[in-house]
Amino acid sequence: VMIRTNVIISFMNSRYNRVMLIYFFILIGTIEAAIPCTSDWFCRQHYESAHSSCLSKSSTCSNPFQEGCLRTKLGEDWARRVCNSDDSNKDSKIKHCDLPSYKQYPEIRIYNGDRESKLFLAWINQIVLMELVQVPATVGLTSEDTPMSSFYSNENIIHLSEPKSVWEGIKLGNNIADCTSTV
């Protein structure tokens, strides 16, 4: 038992291993979206997080990972995620993210597809880009999709893009060289 405990402790000392463990739990964990609620207390108990509340508009729990998955799960030592174009559109007071410290990287648009498995892979990419690399990224084919498709969306929903060719989005992105606004 002592040897196993030491192996687990030494495994968890590496930041890379902690991130891989989070990926593992994301891949095998149950995905629950739009959990009905009547109080903030219920949401905080359900997610075991002080970062969730009951949204009055939809009577569902808010997303507890708006500041970032790693920060929420591993503690305040982790930096908040970087903001993307969806965050700046909400209001002038951004609470859940930090503005990018450098402007050398344009925002990246990740296509979420029309299947849940593609959406989950898009979320993993968004987490890596925004929390570890600090590069702004949105998920979804159009600017109408991205606020709902984002891993960091306030509402905890699973939103898939309509099945269609991504070629038009790629052409538009190449023409305007900026993925913050696409139709």
Side-chain angles (χ1 to χ4, degrees), residues 5 8-9 11-100 110 112-113 115-134 136-140 143-161:
T5 306
I8 291 171
I9 289 171
F11 178 81
M12 292 305 294
N13 283 339
S14 164
R15 184 176 191 173
Y16 172 80
N17 290 340
R18 288 193 303 255
V19 171
M20 290 293 106
L21 190 62
I22 290 169
Y23 284 158
F24 174 74
F25 285 122
I26 288 172
L27 292 174
I28 67 165
T30 302
I31 303 299
E32 295 179 350
I35 297 173
C37 62
T38 54
S39 68
D40 291 346
W41 178 86
F42 173 82
C43 295
R44 290 179 179 131
Q45 290 296 314
H46 180 79
Y47 284 114
E48 298 176 1
S49 171
H51 301 284
S52 184
S53 60
C54 188
L55 302 172
S56 58
K57 184 174 109 180
S58 61
S59 294
T60 59
C61 293
S62 69
N63 183 354
F65 303 111
Q66 292 178 67
E67 287 187 2
C69 178
L70 301 176
R71 183 178 175 90
T72 301
K73 286 299 188 184
L74 300 177
E76 302 290 320
D77 291 341
W78 285 78
R80 292 191 311 174
R81 66 178 176 87
V82 69
C83 297
N84 62 24
S85 59
D86 292 332
D87 295 311
S88 61
N89 291 336
K90 290 179 185 171
D91 62 337
S92 59
K93 241 185 169 179
I94 298 172
K95 304 173 235 176
H96 302 296
C97 57
D98 293 328
L99 295 173
I110 305 167
N112 60 326
R115 292 188 172 91
E116 288 181 356
S117 59
K118 292 179 182 179
L119 176 64
F120 300 149
L121 288 174
W123 282 348
I124 291 170
N125 286 319
Q126 187 179 31
I127 292 167
V128 169
L129 285 167
M130 293 184 67
E131 297 183 36
L132 296 176
V133 186
Q134 296 290 300
T138 52
V139 174
S143 295
E144 294 170 357
D145 289 337
T146 59
M148 298 173 287
S149 300
S150 175
F151 179 79
Y152 309 106
S153 171
N154 183 38
E155 293 187 39
N156 215 2
I157 60 173
I158 293 178
H159 179 79
L160 304 173
S161 290

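Source: prediction; values computed, not measured.
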So, using side-chain contact (heavy atoms from CB on, under 4.5 Å) as the criterion, who are the partners of Asn112 when residues are at least two apart?
Leu119, Ala122, Val139, Ser149, Ser161
Would you indicate whether the side-chain heavy atoms of Lys118 and Ile110 approach each other to under 4.5 Å?
no
Indicate every side-chain donor-acceptor pair of residues 49-58 with a distance under 3.5 Å to a residue at least two apart or in another chain.
{"unit_1": "Ser49", "atom_1": "OG", "unit_2": "His51", "atom_2": "N", "d": "3.0"}
{"unit_1": "Ser52", "atom_1": "OG", "unit_2": "Ser62", "atom_2": "O", "d": "2.8"}
{"unit_1": "Ser58", "atom_1": "OG", "unit_2": "Thr60", "atom_2": "OG1", "d": "2.7"}

For a side chain to side chain contact (heavy atoms under 4.5 Å, CB included) with Phe151, tell me which candidate from Arg81, Met130, Gln126 qualifies.
Gln126
As an exercise, state the distance from SG of Cys97 to CD of Glu131, rounded to the nearest 0.5 Å.
11.0 Å
Short question: side chain of Asp40, backbone of Cys43 - any donor-acceptor pair under 3.5 Å?
no
Sub-2.5 Å SG contact, Cys61 and Cys37
no
Can you tell me how far CG of Leu132 sits from CG of Leu70, rounded to the nearest 0.5 angstrom?
5.5 Å
pair Ser150-Thr138: side-chain heavy atoms closer than 4.5 Å:
no
Measure up the His46 and Phe42 rings against each other and bin them: parallel (under 30°), tilted (30 to 60°), perpendicular (over 60°).
parallel
One pair to check against side-chain contact (heavy atoms from CB on, under 4.5 Å): Lys73 and Trp78. What are the steps and the verdict?
CA-CA 9 Å; Lys73 286 299 188 184; Trp78 285 78; over 6 Å; no
Separation between OH of Tyr152 and CG of Asp87, rounded to the nearest 0.5 Å
9.5 Å
d(Glu116 CD, Trp123 CH2) to nearest 0.5 Å is 8.5 Å
Let me confirm one number: the CZ-CG distance from Arg80 to Leu99, rounded to the nearest 0.5 Å.
9.0 Å
Counterpart residues, salt bridge (Lys or Arg N to Asp or Glu O under 4.0 Å), relative to Glu76 (two or more places apart):
Arg71
Short side-chain donor-acceptor distance under 3.5 Å, Gln66 and Asn154:
yes
Going from OH on Tyr47 to OG1 on Thr72, what distance comes out if it is rounded to the nearest 0.5 angstrom?
12.0 Å
Please tell me if the side chains of Val82 and Leu129 come closer than 4.5 Å, counting only heavy atoms from C-beta onward.
no
